[in-house]
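This report concerns only the one structure given below.
Numbering of residues begins at 1 and proceeds along the displayed sequence. In each ligand, atom 1 is the first atom listed, and ligand 1 is the first ligand listed. Keep in mind that what you see is a predicted model, and the values were worked out from it rather than measured.
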Amino acid sequence: MSEKIAFITGGNRGLGFQTALDLKDAGVKVVIGSRDLAQGEKAVETLRAAGVDADVLQFDITKPADYQTAYDYLNSKYGRLDILVNNAGIAGGSFPGTGPEHSASEVPMDLLHKVFETNFFAQVALTGALLPLLRKSPAGRIVNLSSILGSLTLHADPKSPIYDAKSFAYDASKTALNAFTVHLAWELRDTNIKVNSAHPGWVKTDMGGESAPMEVSEGGKTSAALATLSDDGPSGGYFHQGQALPW
Ligand SMILES: NC(=O)c1ccc[n+]([C@@H]2O[C@H](COP(=O)([O-])OP(=O)(O)OC[C@H]3O[C@@H](n4cnc5c(N)ncnc54)[C@H](OP(=O)(O)O)[C@@H]3O)[C@@H](O)[C@H]2O)c1
């Protein structure tokens, strides 16, 4: 059991793709989930050319049938899952923004539902579906791609750098995801599985946009580190590049 098996949702581009690249030297077989199979295959070609042991699975996190497909694929090929990176996510508007889609009082309810469906409900459902495979790992790791924008402490502090960066649907969905991290980590406290929330930084991906200060090449570090935590590493935490963030 020398090689670890990882499943990264939304691995065809952005931070998911970068995280797959960053797992290259960690003895990890990476399965990337991609909604579009052709895009996923192209990403796998690039990953393999860079030396990553990678495969692709067509996967849409908002399609419950895909959870069973992912379970069956991983179970039949490997019989377990060591690392789940819950990376797929949507912004629900552009960053930084000021339109109604960012407002707590005017947010369109269909947008709020859509963002929560992808960024919260689907993450909870997929994790539950794959948990039996993670329980078979000698060292299961679950990384929930949160954001500093999910921090209620920082949002409530007028002195914090995110005080004026309010995107209600997105922020609340990441706060809810953080709650999932804390509750699941507690539930799994007597197992070999660690569960943590990651803030990758504000990164120049399609979602992060051109104004973001961090390059994509730096953006996978937090996810990759939490995916490969040693047995004495933390569980139930919220981190950016090794630093704990306030909830
Ligand atoms: N970039 C930042 O500055 C930043 C900061 C904090 C947190 N994050 C979080 O980091 C994660 C990755 O962000 P990113 O910047 O890499 O975003 P991105 O460039 O927009 O990529 C998003 C990825 O998620 C996938 N995805 C979206 N909806 C999906 C669905 N229903 N099923 C499966 N895959 C889906 C996309 O697939 P398609 O190609 O098919 O659309 C794409 O692979 C997100 O959870 C985001 O909230 C990002």
Side-chain angles (χ1 to χ4, degrees), residues 7-22 30-44 46-47 56-67 69-70 84-97 113-127 142-151 154-155 161-162 165 167 169-178 180-181 196-224 226-227 238-241 245:
F7 182 47
I8 304 178
T9 62
N12 55 298
R13 62 185 170 98
L15 295 173
F17 178 81
Q18 183 61 43
T19 303
L21 271 180
D22 288 354
V30 181
V31 179
I32 60 164
S34 177
R35 280 196 282 203
D36 182 288
L37 191 57
Q39 281 181 29
E41 281 167 348
K42 209 168 150 212
V44 160
T46 313
L47 288 169
V56 62
L57 179 69
Q58 187 163 27
F59 180 81
D60 184 330
I61 199 161
T62 61
K63 292 190 177 155
D66 285 8
Y67 310 157
T69 305
L84 172 62
V85 184
N86 282 320
N87 170 83
I90 57 172
S94 53
F95 292 122
H113 279 278
K114 187 176 167 203
V115 173
F116 262 77
E117 182 55 43
T118 301
N119 292 359
F120 177 63
F121 292 113
Q123 316 289 338
V124 174
L126 173 68
T127 305
I142 299 171
V143 184
N144 292 326
L145 262 288
S146 178
S147 164
I148 195 171
L149 295 175
S151 169
L154 294 177
H155 267 305
I162 64 154
S167 298
Y170 181 81
D171 300 354
S173 73
K174 297 297 188 181
T175 306
L177 187 64
N178 281 346
F180 180 52
T181 294
N196 289 289
S197 278
H199 168 53
W202 183 16
V203 187
K204 275 189 189 67
T205 59
D206 292 342
M207 182 188 291
E210 273 306 306
S211 326
M214 275 175 71
E215 297 300 324
V216 180
S217 57
E218 294 294 300
K221 288 191 191 315
T222 301
S223 295
L226 294 174
Y238 180 24
F239 297 101
H240 170 62
Q241 295 197 347
L245 293 177

Self-check item: Donor-acceptor side-chain pairing of Asn87 and Thr19 below 3.5 angstrom
Solution: no
Self-check item: Phe120 and Phe180 aromatic ring geometry - parallel, tilted or perpendicular at 30°/60° bounds
Solution: perpendicular
Exercise. Check each protein residue for a heavy atom under 4.0 Å from ligand 1 and list those that pass, ordered by chain and number.
Key: Gly10, Asn12, Arg13, Gly14, Leu15, Arg35, Gln39, Phe59, Asp60, Ile61, Thr62, Asn87, Ala88, Gly89, Ile90, Leu145, Ser146, Ser147, Tyr170, Lys174, His199, Pro200, Gly201, Trp202, Val203, Thr205, Asp206, Met207, Gly208
Quiz item: With a 4.5 Å limit on heavy-atom distance, are the side chains of Val44 and Glu41 in contact?
Solution: no
Self-check item: Pair listing, salt bridge (Lys or Arg N to Asp or Glu O under 4.0 Å) test, anchored in residues 12-21, at least two apart
Solution: Arg13-Asp206
Quiz item: With no hydrogens and no angle check, do the side chains of Ser197 and Thr181 hold a donor and an acceptor under 3.5 Å apart?
Solution: yes
Quiz prompt | Parallel, tilted or perpendicular: rings of Phe7 and Phe59 (30°, 60°) | solution = perpendicular
